[in-house]
Amino acid sequence: TQLLEQSPQFLSIQEGENLTVYCNSSSVFSSLQWYRQEPGEGPVLLVTVVTGGEVKKLKRLTFQFGDARKDSSLHITAAQPGDTGLYLCAGGGSNYKLTFGKGTLLTVNP
Amino acid sequence: KAGVTQTPRYLIKTRGQQVTLSCSPISGHRSVSWYQQTPGQGLQFLFEYFSETQRNKGNFPGRFSGRQFSNSRSEMNVSTLELGDSALYLCASKGQSGTDTQYFGPGTRLTVL
C-alpha cells in the first residue's frame, strides 16, 4: 500500500511569513499533485509535477518533486490570508488511482 | 462549462439505513471517481468508473457500491450505515487521457446518527 505523509499537520502563521509543507513517501510515484481545499468545497488542483527534480512556480507558490519521485514540497512566500486552506498532496500511479496525504491545514492570520 | 455537481449536499441518516449519492461529471468526461474524506483518515479512494465499468477499487467493504450510467452520471450507495460512515463524500471527474486533470465536486456531507 502506498502512503503519503504530510507535515506539518497544522500551521498557523502571520501574513507576510514564508512557509514550507512537506509530502513524503517510501514509494515512487509517476506524478505528484498538490491541491487546495477550502471549507465547503472540493479540492482544487494547483499543480502536477512528473519529473524527478522538477520545480514549478505558481506566483508565490513553489512546488518541487524529489529526485527519486518519492517526496515533494510546497513553499509559499509572503503568505496572505487568501492562502488559508487545506493543502493536499496526491501521488499518481500507473493505474490512474490517486493516493492522498492527510493534508496540512494552513491558517494565515492578518 | 458547468463543474462537477453532487446531490444532495447534506444528508442525515440513522444507523442501519442505506443512502444513495449522485454525481454529475463535467460534460464530456467519462471517468468518475469517488472518495471519502474524514478528519482522521483524510481522502480515501473508493472506486472509479469509466464508460460504465468499474476500473479501480479502493479498500472499502462491500457495503459501498457504485455504478455509472450511459450519460456518465454516477451514483454511489452505502448500505447498512454505520456511525463511522459519517464523512464528506467527494466525486471527481476527468477526461479520457490518464494525464487529464481531475476536477472535484463540492461533496455530500453525510452524517450518520
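Note that the coordinates shown come from a computational prediction; the quantities given were computed from them, not determined experimentally. Values below: all heavy atoms of this structure, side chains included; hydrogens, waters and symmetry mates excluded.
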> Is the closest basic N to carboxylate O distance between B:K13 and B:D85 below 4.0 Å?
Replying inline: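 Looking at B:D85 together with B:K13, the answer is no, because their closest N to O distance does not fall below 4.0 Å.
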Please classify the contact of [X] with chain A as side chain, backbone, both or neither, using a heavy-atom distance under 4.5 Å.
X	result
B:R109	neither
B:Q6	neither
B:L90	side chain

> What part of A:Q37 lies closer than 4.5 angstrom to a heavy atom of chain B: side chain, backbone, both or neither?
Replying inline: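 The answer is the side chain of A:Q37.
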> chain B heavy atoms under 4.5 Å from A:L86: which part of the residue, side chain, backbone, both or neither?
Replying inline: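 Looking at A:L86, just its side chain touches chain B.
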> Above 12 or not: heavy atoms from other molecules or residues under 6.0 Å from OH of B:Y103?
Replying inline: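 Not buried by this count: 12 neighbours or fewer within 6.0 Å.
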>> Can you tell me how the ring of B:F45 sits relative to the ring of B:Y35, calling it parallel under 30°, perpendicular over 60° and tilted otherwise?
In response: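 Correct class here is perpendicular.
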>> Working note: A:T77 + A:N18, criterion side-chain hydrogen bond (donor to acceptor under 3.5 Å, both in side chains); need CA distance, chi angles, decisive distance, verdict.
In response: CA-CA 5 Å; A:T77 304; A:N18 301 331; 4.5 Å; no
> How far apart are the closest heavy atoms of B:S31 and B:F50, and which atoms are they?
Replying inline: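 Heavy atoms of B:S31 and B:F50 come nearest at CB-CD1, 3.8 Å.
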